[in-house]
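Below is one structure, written out as structure tokens; the observations come after it.
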Amino acid sequence: METRPLRHAVLRPHQSPNLVVYPGDEDVDTVHLGAYAAGRLVGVASLYREPPPDALRTTTAWRLRGMAVDPTLRGSGHGAALLQACMVHARGQGGTLAWCNARATAAGFYRSLGFSPKGDPFELPGIGLHHFMWRALESSR
């Protein structure tokens, strides 16, 4: 899968490459999106039909995971375009909520695109401080 080398390089460079193989990567509902510049993959994001940890089983929630943009191109709009494409896809599939575990260093990015934090920050061992963030998905009607 093309997303994994960039996921590894950006999100977990000091860990084994098999740690960027996420549960659900191959599920039929999962979608992997990429951003390209000059024919090169420079950003990735994956979207999974998955309820947030504190919710009852629902099929209207989508989880954003493995979002990574080449560090030399951050701020160029590739990440925002990927996130917007994920939200459009989720809405088109009847999604009403999007959520993620955002790295503390990326929380401002998610806030700028309509996500809100919920609860206290938490540590993911070997990865760092994260915030649970969510966003309601407006109807595309």
Side-chain angles (χ1 to χ4, degrees), residues 1-55 57-141:
M1 175 183 308
E2 289 185 60
T3 61
R4 291 178 182 155
L6 191 56
R7 273 186 195 171
H8 182 252
V10 174
L11 300 176
R12 298 182 184 210
H14 304 296
Q15 295 180 346
S16 172
N18 68 340
L19 292 177
V20 296
V21 177
Y22 301 147
D25 270 350
E26 305 296 332
D27 288 356
V28 69
D29 287 337
T30 298
V31 62
H32 304 282
L33 294 101
Y36 291 83
R40 181 173 70 93
L41 183 65
V42 298
V44 294
S46 297
L47 194 61
Y48 307 79
R49 189 183 299 266
E50 181 180 335
D54 64 347
R57 187 89 181 128
T58 177
T59 58
T60 63
W62 288 81
R63 180 181 185 181
L64 178 68
R65 190 167 188 198
M67 187 159 176
V69 173
D70 178 324
T72 65
L73 295 172
R74 287 192 186 138
S76 63
H78 295 296
L82 278 169
L83 186 58
Q84 293 297 352
C86 287
M87 300 304 96
V88 167
H89 176 81
R91 274 193 307 271
Q93 299 300 308
T96 59
L97 172 80
W99 67 278
C100 65
N101 290 327
R103 290 175 187 241
T105 55
F109 165 77
Y110 288 103
R111 274 192 204 94
S112 74
L113 293 165
F115 281 73
S116 299
K118 181 179 177 187
D120 295 325
F122 58 94
E123 187 79 21
L124 287 178
I127 303 173
L129 191 63
H130 282 68
H131 299 270
F132 175 86
M133 299 191 80
W134 69 279
R135 173 182 159 177
L137 298 174
E138 310 81 32
S139 172
S140 56
R141 288 182 243 163

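Sequence positions, counted from 1, serve as the residue numbers for this chain. Note: hydrogens, waters and symmetry copies are ignored here, and every other heavy atom, side chains too, is used.
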If you compare all heavy atoms of Met67 against all heavy atoms of Gly79, which two are closest, and at what distance to 0.1 Å? CE-O, 3.0 Å
Restricting to side chain to side chain donor-acceptor pair (under 3.5 Å), what partner residues turn up for Asn101, sequence neighbours left out? none
I'd like to know whether CG of Asn18 has more than 12 heavy-atom contacts from other residues, nucleotides or ligands below 6.0 angstrom. yes
Using side chain to side chain contact (heavy atoms under 4.5 Å, CB included), reason through Asp27 and Glu50 one step at a time and then give a plain yes or no. CA-CA 11 Å; Asp27 288 356; Glu50 181 180 335; over 6 Å; no
Looking at His130 and Gly128, would you say the former's side chain and the latter's main chain have a donor-acceptor pair under 3.5 Å? yes
Is a side-chain donor or acceptor of Thr30 paired with a backbone partner of Gly24 at a separation under 3.5 angstrom? yes
For residues Gln93 and Asp29, determine if any side-chain heavy atom of one lies less than 4.5 Å from a side-chain heavy atom of the other. no
Side chain proximity check, Asp25 to Arg4, heavy atoms < 4.5 angstrom: yes
Please report the closest heavy-atom contact between Phe132 and Pro52, naming both atoms and the distance. CZ-CB, 3.7 Å
ring-ring contact (aromatic ring centres under 6.0 Å, His included) with Phe115: which of Tyr110, Phe109, Trp134? Tyr110
Going by ring-ring contact (aromatic ring centres under 6.0 Å, His included), name the pairs with one or both residues in residues 35-54, residues two or more places apart or in two chains. none
Nearest heavy-atom neighbours spanning Ala104 and His131: CA-CD2, 3.7 Å
Check whether any side-chain heavy atom of Gln15 lies under 4.5 Å from a side-chain heavy atom of Ile127, and answer yes or no. yes
Side chains of Leu64 and Arg135: does their closest heavy-atom pair fall under 4.5 Å? no
I want to check something: taking the side chain as every heavy atom from C-beta on, are Arg7 and Ser46 in contact at a cut-off of under 4.5 Å? yes
Heavy-atom closest pair, residues Leu11 and Ala68: CG-CB, 4.0 Å
Measure across Leu33 and Cys86 and return the closest heavy-atom pair with its distance rounded to 0.1 Å. CD1-SG, 3.6 Å
Is there a side-chain contact between Val10 and Arg74 in this structure, where contact means two heavy atoms from C-beta onward sitting under 4.5 Å apart? yes
CZ of Arg65 to CG of Leu47, rounded to nearest 0.5 Å, is 12.5 Å
For the student: nearest non-hydrogen atoms of Leu129 and Glu123, plus distance: N-OE1, 3.7 Å
The side chain to side chain donor-acceptor pair (under 3.5 Å) partners of Thr72 (sequence neighbours excluded) come to Asp70
May I have the step-by-step check of side chain to side chain contact (heavy atoms under 4.5 Å, CB included) for Leu113 and Gln84, ending in yes or no? CA-CA 8 Å; Leu113 293 165; Gln84 293 297 352; 3.5 Å; yes
First locate atom NE2 of His8, then atom NE2 of His14, and finally report the distance between them rounded to the nearest 0.5 Å. 9.0 Å
Ignoring hydrogens and angles, tell me if any N or O in the side chain of Trp62 forms a donor-acceptor pair with the backbone of Met87 under 3.5 Å. no
